[in-house]
**Q** 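Would you mind keeping the following structure in view while I ask a few things?
These numbers were taken from a predicted model, which means no experiment stands behind them. First the proteins, then the strands, lettered A, B, ... as listed; each starts at 1.
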Amino acid sequence: MDFATIIAGLTDALTPLNLLFVLAGVFVGQFVGAMPGIGPVMAMAIAIPFTFALNPLPAIGFLVGVNKGGLIGGAIPAILLNTPGTPDAAATAIDGYPLTKQGKPLKAMKMALYASVTGDTFSDIVLITVAAPLAILALQLGPVEIFALMVFAFSLISGLIGDSISRGAIATALGLLAATVGLDPEHSTPRFLFGMFQLYDGFPIASVAIGSLAVSEITLRVARMRGKMRPAVVIPKNQTKDQKSVSFAEYWACRFVLLRGSLIGTFIGAVPGMGSTAAAFMSYASTKQTAKDPSSFGKGDLRGIAATESANSSVAGADFIPLLTLGLPGSASAAIMIGAFLIQGIQPGPLLFEQQGQLVYGIFGAMIMANACNLLCGLFGLRLWSKLITAPESVVFSIALVLCVTGVYLATGGAFGVFVMILFAVIGVIMTVLRYPLVVFIIAFFLGPRFELSLGQTATILRGDVWNLANHPVAVVLFAMSIFSIYWLGIKKRRRKASD
Amino acid sequence: MKLTTLMKTAAIATMIAIPGAALAQWAPSGPITLQIGFGAGGSTDTLGRAIAAAVEENTGWDVVVENKPGGGGVAMLSTLVNAEADGSKIGMGVTVATIMNLAMRGDKLPFKIDSFDHLATVVLAPVSIIARADAPYDTFAEFVAFSKENGGSLMGFDGGPQRLIMQSINNTTGSQVELVSNQSGAEIIKGLLGGQLDAGFSAGEHIQYLESGDLKMLGVATQSRHPYSPDTETLVEQGYPYSVEPYFYLAAPAGLDPEAKDALATAIDEAIKSDALDELIENVMQTKASNLGPEGTEAKLNSGLADAFALIEAAK
């Protein structure tokens with residue numbers, strides 16, 4: 001790739017027209033992504049038909065903007081209402097929503113914005129500079145290694161959230177059970193269908209995520225409404241600057257958290273099949289685990305927000321590594337992005353950099369510009385959201401519920417998805433009331449299908465003999481780390497209990 | 001310059017005029033809904049949306065696209081079968097997916113092949129068997145022999161019939177090829193490039209890797225050879241009597257008014273032959289459109305179902 005092509009590509013991204021489309025994309029992404037129940041992936045799906053008539057660079061630039069804007073937007077309902085529409089945003093809610101309850105929603109949202117833009121910029125730089133070698137490295141990770149990586153992720157996550165390991169383990173098991181509904185990945189045998197062919201591909205992901213995370217929370221909040229109308233969020237008047245914004249000192253204090261989050265996100269993004277949910281929770285778990293005061297997490301710790309948002313946003317940039325070099329989508333939004341490439345007549349794969357070098361660097365330029373737009377747009381937009389949210393509870397939650405039903409209806413293509421959403425809202429309410437960690441349940445459900453597929457692939461590749469693992473040293477190390485992490489977490493928890 | 005513009009205008013005018021004349025008999029009373037049996041962003045969705053756009057442009061009808069994913073098209077077909085046969089609802093799926101569902105659990109499904117009036121096929125996916133360029137075998141027959149000598153090998157697949165074909169070949173040759181389930185052709189290619197798989201199936205994603213020199217073709221899994229690799233023999237030519245022919249196809253509920261069926265089939269055929277589709281198919285599959293027409297589509301599904309039953313027997 002010669003230097004002139006790179007410069008020409010980057011210059012293309014800076015033309016006013018392209019900048020306008022990137023900015024428009026960021027705006028749409030932040031706005032639609034912030035709608036409870038609709039979220040970032042739906043924002044992409046809605047935006048795609050608008051790009052048909054455009055030239056390749058503005059079209060992809062627009063979608064890149066929507067994708068990146070959606071990452072910020074998705075955190076907003078999680079922080080303000082505790083109604084995340086995606087599991088990664090659920091990790092943001094753990095520390096974001098307590099800050100809102102303390103009357104500091106703007107501070108929480110700003111931390112999310114800064115962390116998100118930081119992680120995103122980090123992974124974009126990695127993508128632009130070392131995409132090719134990183135792609136080759138990622139190729140070496142086969143099904144066995146990916147399976148081991150998933151086991152490691154589970155071991156980190158299940159012990160850390162909630163107050164009891166056994167409840168966490170039960171929630172994990174229930175999530176995996178829910179994920180087995182549908183045709184099995186190996187032999188396509190139908191399981192738990194009860195005669196409903198709509199369940200062939202399992203419970204629709206949007207129904208489960210929005211039902212158990214958002215609708216159950218809305219239900220619980222509505223159930224608690226009594227007497228006169230109150231605002232959904234109370235923000236005290238005359239707040240000091242410290243309560244409204246994140247100072248540079250606070251941001252700088254999170255630098256290692258942000259760096260770790262960005263590294264985890266970039267790595268997970270480069271390996272197709274894990275996704276941003278695993279990255280967000282692995283980053284959150286490892287931040288909490290290494291903190292000197294883990295008990296402050298879950299009560300409105302800025303580090304919690306920084307850890308999750310930097311990780312899930314850096315997945316978005318790194319997702320482009322397998323996408324551009326192999327045409328392999330690592331996430332739902334990457335799959336939509338591939339569709340957009342094909343419609344524009346661009347085939348992602350090994351010849352892309354050679355044949356479309358200028359366009360690829362144009363896209364890279366657009367990604368960097370989108371990060372700048374995200375910051376600008378976010379700083380203005382967040383104020384608007386924090387105003388809107390002071391509307392009466394009865395208004396905010398009824399609108400949110402309507403949006404959830406609409407979003408699920410659109411995403412699943414019919415009323416069946418809405419019924420599944422209601423079912424999972426009921427399950428969510430029951431689990432919350434009985435103090436089972438809902439978030440653990442949802443992660444297990446999300447990773448379940450991939451976990452099962454990798455398990456089947458691993459069994460075939462190892463020919464059913466565990467000793468063949470000797471040929472996969474990376475997997476062995478990851479398994480050892482999983483055992484170590486469970487042991488360590490167990491000991492820590494027991495000690496903490498003993499000292500209480 | 002002016003002359004060319006004039007000629008172009010004339011050509012476009014004729015193109016618009018011909019379907020217009022043919023379709024004067026029947027027009028939908030409202031918008032037509034095209035249900036895609038797969039999720040947004042996949043190849044069926046991409047092709048379906050382009051066909052809808054081309055039909056709208058050529059005929060002036062309103063075509064609304066909906067995704068109805070689930071069970072390889074079963075969710076879509078199960079709704080479509082209950083829709084009114086007035087031409088306002090059509091569906092798009094993949095023949096092999098429909099056939100496999102009917103062959104494996106036909107008694108539990110609310111539809112059969114003749115529950116639909118078939119309208120068109122769009123394109124045949126160029127299914128092939130591929131390996132890394134440096135693999136010590138160049139044809140599928142050599143791969144089978146290699147696997148037998150070395151006590152087994154690993155092969156990636158992403159569809160039911162591919163598995164059945166390989167199991168049948170294992171049964172007759174003792175090749176001991178182990179099958180690794182994957183979610184897409186791109187994932188199989190990742191496994192081949194990363195060295196985790198010895199061979200794999202692919203439906204077009206591999207073609208650019210032939211150009212880049214990373215992969216090679218061992219055999220063609222459809223019934224005839226592919227134009228981009230005219231020297232690669234089919235499985236049948238290499239002595240294995242199996243093939244898989246996944247066509248993207250469109251259907252409506254059975255009992256359409258013949259005039260409506262004719263009008264729909266003509267409009268879809270025009271769309272498939274349009275330049276926009278030609279370019280898209282070239283991009284997505286690196287092949288050409290092939291519409292078998294209403295009768296041809298139905299015949300393909302029927303013969304495919306008979307083959308599928310035979311294949312299930314052979315794979316046991």
Side-chain angles (χ1 to χ4, degrees), chain A residues 44-45 48-49 52 136 138-145 182-183 185-188 190 193 195 197-202 204 272-273 322 326-329 332 334-352 354 411-414 416 450 453 456-457 460-461 463, chain B residues 35-36 39-43 45-46 49-50 53 65-72 74-79 100-101 104-105 108-110 152 154 156 160 163 178-187 189-191 193-197 205 207-209 211-214 279-280 282-284 286:
Chain A
M44 293 270 293
I48 213 170
F52 286 178
I136 292 168
L139 271 184
Q140 304 306 315
L141 296 181
V144 183
E145 288 77 15
L183 302 182
E186 199 72 15
H187 297 271
S188 306
L193 294 185
F197 57 82
Q198 294 97 326
L199 290 179
Y200 270 0
D201 288 345
L326 292 168
L328 192 58
I336 295 176
M337 195 69 93
I338 286 196
F341 271 92
L342 293 174
I343 286 168
Q344 292 292 338
I346 307 157
Q347 174 100 38
L351 305 175
L352 183 67
E354 272 170 52
T412 59
F416 184 77
R450 190 77 218 182
L453 181 70
Q457 291 174 330
T460 313
I461 289 176
R463 287 154 202 264
Chain B
Q35 293 194 329
I36 311 276
S43 34
D45 181 58
T46 310
R49 284 178 192 273
V65 180
E66 273 180 10
N67 291 93
K68 265 250 177 306
V74 168
M76 179 273 291
L77 292 171
S78 303
T79 348
M100 285 309 289
N101 273 307
M104 293 178 78
R105 54 188 89 89
K108 293 198 184 81
L109 297 178
L154 296 170
R163 176 188 203 109
E178 298 273 358
L179 287 145
V180 182
S181 174
N182 280 271
Q183 277 184 326
S184 68
E187 223 179 273
I189 289 176
K190 176 184 177 282
L193 296 176
Q196 292 105 21
L197 297 173
E205 298 90 343
I207 298 172
Q208 51 172 339
Y209 290 87
E211 276 175 57
S212 71
D214 295 314
E279 197 188 311
L280 184 65
E282 185 70 37
N283 272 317
V284 181
Q286 276 148 57

**Q** I need the B:Gln196 CD to A:Glu145 CD distance, nearest 0.5 Å.
**A**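 If I round to the nearest 0.5 Å, the distance is 6.5 Å.
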
**Q** Answer whether the closest heavy-atom distance between the side chains of B:Glu187 and A:Gln457 falls below 4.5 Å.
**A**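 Yes - at least one pair of side-chain heavy atoms lies under 4.5 Å apart.
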
**Q** Could you state the interatomic distance from CD (A:Gln198) to CE (B:Met76), rounded to the nearest 0.5 Å?
**A**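 It is 13.5 Å, given to the nearest 0.5 Å.
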
**Q** Rounded to the nearest 0.5 Å, what separates atom CG in B:Leu280 from atom CD in A:Gln344?
**A**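 Output value for this atom pair is 11.0 Å.
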
**Q** With chain A as the partner, which of B:Glu282, B:Lys68, B:Lys190, B:Met104 has the greatest number of non-hydrogen pairs under 4.5 Å?
**A**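 Of the candidates given, the most pairs with chain A belong to B:Lys190.
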
**Q** B:Arg163: which residues meet the side-chain hydrogen bond (donor to acceptor under 3.5 Å, both in side chains) condition with it, sequence neighbours left out?
**A**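 Applying side-chain hydrogen bond (donor to acceptor under 3.5 Å, both in side chains) to B:Arg163 gives none.
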
**Q** Could you tell me which portion of B:Lys108 (side chain, backbone, both or neither) has an atom closer than 4.5 angstrom to a non-hydrogen atom of chain A?
**A**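 Neither the backbone nor the side chain of B:Lys108 comes within 4.5 Å of chain A.
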
**Q** By a 4.5 Å heavy-atom criterion (distance strictly below it), what part of B:Ser184 contacts chain A: side chain, backbone, both, or neither?
**A**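 For B:Ser184, the side chain is the part near chain A, not the backbone.
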
**Q** Taking all non-hydrogen atoms of both residues, which atom of B:Ala186 and which atom of A:Gly327 are closest, and how far apart?
**A**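 Closest pair (atom of B:Ala186, atom of A:Gly327, distance): CB-O, 3.8 Å.
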
**Q** With rounding to the nearest 0.5 angstrom, report the CG to CD distance, A:Leu326 to B:Glu205.
**A**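 Between atom CG of A:Leu326 and atom CD of B:Glu205 there are 12.0 Å.
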
**Q** For B:Glu66, is it the side chain, the backbone, both, or neither that has a heavy atom closer than 4.5 Å to a heavy atom of chain A?
**A**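 It is neither, since no heavy atom gets under 4.5 Å.
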
**Q** Side chain from CB out, backbone as N, CA, C, O: work out which of these in A:Ala138 comes under 4.5 Å of a heavy atom of chain B, or both, or neither.
**A**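 Just its backbone gets close to chain B.
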
**Q** Look at A:Leu183, A:Thr412, A:Ile136, A:Thr460 and state which one has the largest set of heavy-atom pairs under 4.5 Å with chain B.
**A**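 Most heavy-atom pairs within the cutoff with chain B belong to A:Thr460.
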
**Q** So how far is it from A:Leu352 CG to B:Ser212 OG, rounded to the nearest 0.5 Å?
**A**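 Answer for the CG-OG pair, A:Leu352 versus B:Ser212, is 12.0 Å.
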
**Q** Would the number of heavy atoms belonging to other residues, nucleotides or ligands and lying under 6.0 Å from CD of B:Glu279 be above 12?
**A**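 No, not enclosed.
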
**Q** Short question: side chain of B:Gln183, backbone of A:Pro185 - any donor-acceptor pair under 3.5 Å?
**A**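 Pair absent, no side-chain N/O of B:Gln183 close to backbone of A:Pro185.
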
**Q** Please classify the contact of B:Asp214 with chain A as side chain, backbone, both or neither, using a heavy-atom distance under 4.5 Å.
**A**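 It is the side chain, since no backbone atom gets that close.
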
**Q** Mind checking the CG-CG spacing from B:Leu193 to A:Leu328? Nearest 0.5 Å is all I need.
**A**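 Answer rounded to 0.5 Å: 10.5 Å.
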
**Q** Using non-hydrogen atoms only, which part of B:Leu197 is less than 4.5 Å away from chain A: side chain, backbone, both, or neither?
**A**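 Contact with chain A: none, neither part.
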
**Q** Under 4.5 Å, counting heavy-atom pairs only, tell me which of B:Glu178, B:Gln35, B:Glu211, B:Arg105 racks up the most with chain A.
**A**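 Among the listed options, the one with the most contacts to chain A is B:Arg105.
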
